[in-house]
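For reference, the structure is listed below as structure tokens.
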Amino acid sequence: MHAEDTALILLAAGRSRRFGDADKLAQPFLHKPVAFHVVTALEAIPFLARIAVIDGTKLDFASRGFDVIVNDDPGAGMSRSVQLGLRAARTAGAKGVVIALADMPRITAAHVYRLLDTAQGDDAVVASSDGTKPCPPAVFGQARFDFLESLEGDAGARDLVRAGRHVITTPAELIDIDTPEDLDRLRAIAEAPEQHDAITLPQPQPWHRPRME
């Protein structure tokens with residue numbers, strides 16, 4: 001699947017209850033907000049469209065080349081954000097989508113290209129994996145759009161993703177930030193990489209767990 005035919009859907013909406021009152025996506029990490037790491041990492045990939053689905057964050061995704069959609073019901077689960085993103089991707093004429101999460105600041109362009117290279121055909125389903133369980137980011141061909149738009153809550157895509165293809169990368173690349181402690185551990189890794197093995201990494205969350213909470 002070619003990036004030029006694919007829309008990037010960046011999920012940046014959710015209640016973030018586990019992080020407290022602060023906007024976790026705006027928290028500083030290595031001199032930029034957490035959410036802008038994946039934005040920067042993927043900015044050179046020539047996607048057909050870039051779509052950010054947000055709710056309460058004040059980060060300016062539009063200035064980074066994204067069409068911004070506000071999820072007016074983030075409590076409905078990740079599926080609501082996916083539906084909104086897919087509608088915009090259809091409008092753009094996308095033949096596939098890359099669904100990524102804004103709270104995964106270690107994702108690289110090289111890994112996303114591997115996902116795209118593995119995706120074959122309109123019915124493609126390719127997810128990331130740490131070797132144990134599948135997780136975002138993931139690629140879906142346009143033949144899967146109707147099914148994804150029909151889902152409710154956070155659990156519906158689990159079986160579809162499990163049955164698809166998986167591209168393995170390091171657990172460090174799939175770190176996601178759910179709590180202040182997760183962010184503290186990530187900062188510790190960045191500041192003292194020689195102690196990497198002694199630090200417990202935040203674990204990537206599988207598709208059936210609620211996300212962005």
Just how far is it from atom [atom1] of [X] to atom [atom2] of [Y], taken to the nearest 0.5 Å?
X	Y	atom1	atom2	value
Ile99	Ser128	CD1	OG	11.5 Å
Asp23	Thr57	CG	OG1	3.5 Å
Asp55	Leu11	CG	CG	11.0 Å
Phe66	Ile51	CZ	CD1	9.5 Å
Ser81	Ile69	OG	CD1	9.5 Å
Leu148	Leu160	CG	CG	6.0 Å

Side-chain touch [X]/[Y], heavy atoms, less than 4.5 angstrom:
X	Y	result
Phe140	Thr6	no
Leu186	Arg106	yes
Ile107	Leu174	yes
Val34	Leu183	yes
Glu173	Thr108	yes

Name all residues meeting the ring pair (Phe, Tyr, Trp, His ring centres under 6.0 Å) criterion together with Phe145; count only those two or more places apart in sequence or in a different chain, and write none if there are none. none
His166: partners by ring pair (Phe, Tyr, Trp, His ring centres under 6.0 Å), with sequence neighbours left out: none
Can you give me the closest heavy-atom contact between [X] and [Y], atom names plus distance?
X	Y	result
Pro134	Arg162	CG-CG, 4.3 Å
His111	Pro137	CD2-CG, 4.2 Å
Ala102	Leu10	N-CD1, 3.7 Å
Ala41	Ala109	O-CB, 3.4 Å
Ala7	Phe47	C-CD2, 4.4 Å

Hey, is Asp184 close enough to Arg187 for a salt bridge, meaning N to O under 4.0 Å? yes
[Y] backbone acceptor or donor facing [X] side chain under 3.5 Å:
X	Y	result
Asp182	Arg185	no
Gln120	Asp117	yes
Lys24	Ile177	yes
Gln83	Leu151	yes

Residues forming a side chain to side chain donor-acceptor pair (under 3.5 Å) with Glu149, sequence neighbours excluded: Arg90
Begin from the C-alpha positions of Asp72 and Arg80 and carry the test salt bridge (Lys or Arg N to Asp or Glu O under 4.0 Å) through to its verdict. CA-CA 9 Å; Asp72 57 359; Arg80 173 62 176 164; 3.3 Å; yes
Hey, which of Leu42, Leu116, Ile9 is the one that makes side chain to side chain contact (heavy atoms under 4.5 Å, CB included) with Val98? Leu116
Check the hydrophobic clustering (I, L, V, M, F, W, Y; side-chain heavy atoms under 4.5 Å; chains of links allowed) and say if [X] and [Y] are grouped together.
X	Y	answer
Leu115	Ile168	no
Leu48	Leu84	no
Tyr113	Met1	yes
Leu30	Ile175	yes

Could you go through the side-chain contact (heavy atoms from CB on, under 4.5 Å) check for Val38 and Met104 one step at a time? CA-CA 7 Å; Val38 65; Met104 297 180 75; over 6 Å; no
Criterion side-chain contact (heavy atoms from CB on, under 4.5 Å) on Val97 and Val139, from CA distance to verdict: CA-CA 6 Å; Val97 295; Val139 177; over 6 Å; no
Would you please test Val70 and Ile54 for side-chain contact (heavy atoms from CB on, under 4.5 Å) and show each step? CA-CA 5 Å; Val70 177; Ile54 69 169; 4.2 Å; yes
Neighbour count above 12 (heavy atom, 6.0 Å) for Arg165 CZ: no
Test item: side-chain donor near acceptor, Thr40 and Lys32, under 3.5 Å: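 On atom types as modelled, these side chains qualify, holding a pair under 3.5 Å.
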If you take the centroid of each ring, where Trp contributes its six-membered ring, are Phe36 and Phe61 closer together than 6.0 Å?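 Phe61 vs Phe36: aromatic centres under 6.0 Å.
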Start with the C-alpha gap between Leu25 and Asp103, add the side-chain angles, then the distance that decides, and say whether side-chain contact (heavy atoms from CB on, under 4.5 Å) holds. CA-CA 6 Å; Leu25 299 182; Asp103 63 352; 4.0 Å; yes
